[in-house]
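Just so it is clear, the structure is predicted and the values come from calculations on it, not from any experiment.
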Amino acid sequence: MPEVESHVVVEPGVEFPVPAQGELWTVGAVILNHRGEAFAQRRSPDRRLFPDTWDIVGGHVEPGESPIQALTREVEEETGWRLRSVRRLLGTTSWTGDDGGGLRHEADYLVEVDGDLDRPVLEWTKHSAYDWFGPADLHRLKENRSPGDFLIHDLIAKVVQQEQEQEQAQS
């Protein structure tokens with residue numbers, strides 16, 4: 001089991017990758033509000049990697065850092081919120097960016113956070129906007145993405161749909 005920040009609850013069965021020597025890993029967090037909408041932020045147009053596109057909260061696992069530590073740090077740095085729990089692993093993927101940085105592996109998680117969801121504290125040098133995405137808004141996640149490059153759209157669409165189905169099953 002990876003080292004976990006003491007205030008973060010990791011649900012049973014949630015796994016974290018153990019990066020091999022030389023592998024580049026990133027982590028991502030899908031954060032939902034009480035309406036079941038997912039948080040995304042628009043990357044600034046001058047970003048080297050995926051400029052002017054919508055993205056989930058996350059980033060690179062730094063040397064000496066575990067994936068859960070990176071997830072905790074990225075949530076706080078990018079939103080000002082505090083990671084409360086990791087509900088489930090949404091999946092892992094490998095991708096090569098358009099920045100020449102090589103192959104990266106990514107683990108994405110559904111998480112819960114503490115903080116004022118109406119007032120995220122964005123890193124304005126890296127992000128130009130934020131929004132909450134429900135079923136009617138999902139098409140916007142494809143803005144400025146190449147055809148076939150809909151990882152963020154597909155990830156958020158799947159989570160939003162699963163949450164709606166779960167809510168309907170409970171009512």
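When atom types are taken as modelled, the side chain of Arg145 and the backbone of Trp54 share a donor-acceptor pair closer than 3.5 angstrom. In this structure, the side chain of Ser85 does not engage the main chain of Val10 through any donor-acceptor pair within 3.5 Å. Arg104 places no side-chain N or O within donor-acceptor distance of the main-chain N or O of Trp95, the cut-off being under 3.5 Å. Proximity of a side-chain donor or acceptor of Arg47 to a complementary backbone N or O of Lys126 within less than 3.5 Å is detected.
Connection of Val57 to Val111 is established within a shared hydrophobic cluster, with ILVMFWY side chains joined at heavy-atom distances below 4.5 Å, either directly or through further cluster members. By the rule that hydrophobic residues join a cluster once side-chain heavy atoms approach within less than 4.5 Å of another member, Val75 and Tyr130 end up as members of one cluster. By the rule that hydrophobic residues join a cluster once side-chain heavy atoms approach within less than 4.5 Å of another member, Leu89 and Val159 end up as members of separate clusters. Linking Ile, Leu, Val, Met, Phe, Trp and Tyr residues whenever their side-chain heavy atoms come within less than 4.5 Å leaves Leu141 and Ile31 in two separate clusters. Tracing side-chain contacts under 4.5 Å through hydrophobic residues (I, L, V, M, F, W, Y), one never reaches Leu24 starting from Phe50; they form parts of separate clusters.
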Q) Checking side-chain hydrogen bond (donor to acceptor under 3.5 Å, both in side chains) for the pair Gln161/Glu165: CA distance, chi angles, key distance, verdict? A) CA-CA 6 Å; Gln161 180 182 356; Glu165 289 170 0; 2.9 Å; yes

(Q) Please evaluate residues Arg84 and Val9 with respect to the criterion side chain to side chain contact (heavy atoms under 4.5 Å, CB included), reporting the C-alpha separation (whole Å), side-chain torsions for both, the decisive distance (0.1 Å), and the verdict. (A) CA-CA 6 Å; Arg84 177 178 59 231; Val9 174; 5.7 Å; no

Q) Going through the checks in order, is the side chain to side chain contact (heavy atoms under 4.5 Å, CB included) test met by Leu151 and Thr93? A) CA-CA 9 Å; Leu151 174 69; Thr93 188; 4.2 Å; yes

(Q) As a quick check of understanding, evaluate side chain to side chain contact (heavy atoms under 4.5 Å, CB included) for Thr79 and Val113, giving each step before the final call. (A) CA-CA 10 Å; Thr79 65; Val113 297; 5.9 Å; no

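In the displayed structure, Glu77 atom CD is contacted under 6.0 Å by more than 12 heavy atoms of other residues, nucleotides or ligands. By the 6.0 Å contact criterion, CZ on Arg140 is enclosed, its count of non-hydrogen atoms from other residues, nucleotides or ligands being greater than 12.
Here the shortest heavy-atom pairing between Ala38 and Ile156 reads CB-CG2, 3.5 Å. Here the closest non-hydrogen pair linking Arg35 and Asn33 is N-OD1, 2.9 Å. Taking both residues in full, the closest heavy atoms of His153 and Leu138 are given as CD2-O, 3.1 Å, listed atom of the first, atom of the second, then distance. When all heavy atoms of Pro67 and Pro17 are compared, the pair lying nearest together is CG-O, 3.4 Å.
Here the straight-line distance linking atom CG of Leu90 with atom CG of Leu110 works out to 5.5 Å at 0.5 Å rounding. Summarising the geometry, atom CH2 belonging to Trp25 is positioned 14.5 Å from atom CD belonging to Glu65; distances are rounded to the nearest 0.5 Å. One finds the NE2 atom of His34 at 9.0 Å from the CG atom of Leu117 (value rounded to the nearest 0.5 Å). The CZ atom of Phe133 lies 13.0 Å from the CG atom of Leu32; values are rounded to the nearest 0.5 Å. Taking CG from Leu155 and CD from Glu106, the interatomic distance works out to 8.0 Å, rounded to the nearest 0.5 Å.
The closest side-chain heavy-atom distance from Leu83 to Leu71 is below 4.5 Å. Under the 4.5 Å side-chain criterion, counting only non-hydrogen atoms from C-beta, Pro135 is in contact with Val160. Residues Asp108 and Ile56 form a side-chain contact, since some pair of their non-hydrogen atoms from C-beta on lies under 4.5 Å apart.
A donor atom on one side chain and an acceptor atom on the other are not found under 3.5 Å apart for Gln162 and Gln166. Using modelled atom types and a 3.5 Å distance limit, the side chains of Arg82 and His7 yield a donor-acceptor pair.
Salt-bridge check for Glu112 with Arg87: passed, with a basic side-chain N closer than 4.0 Å to an acidic carboxylate O.
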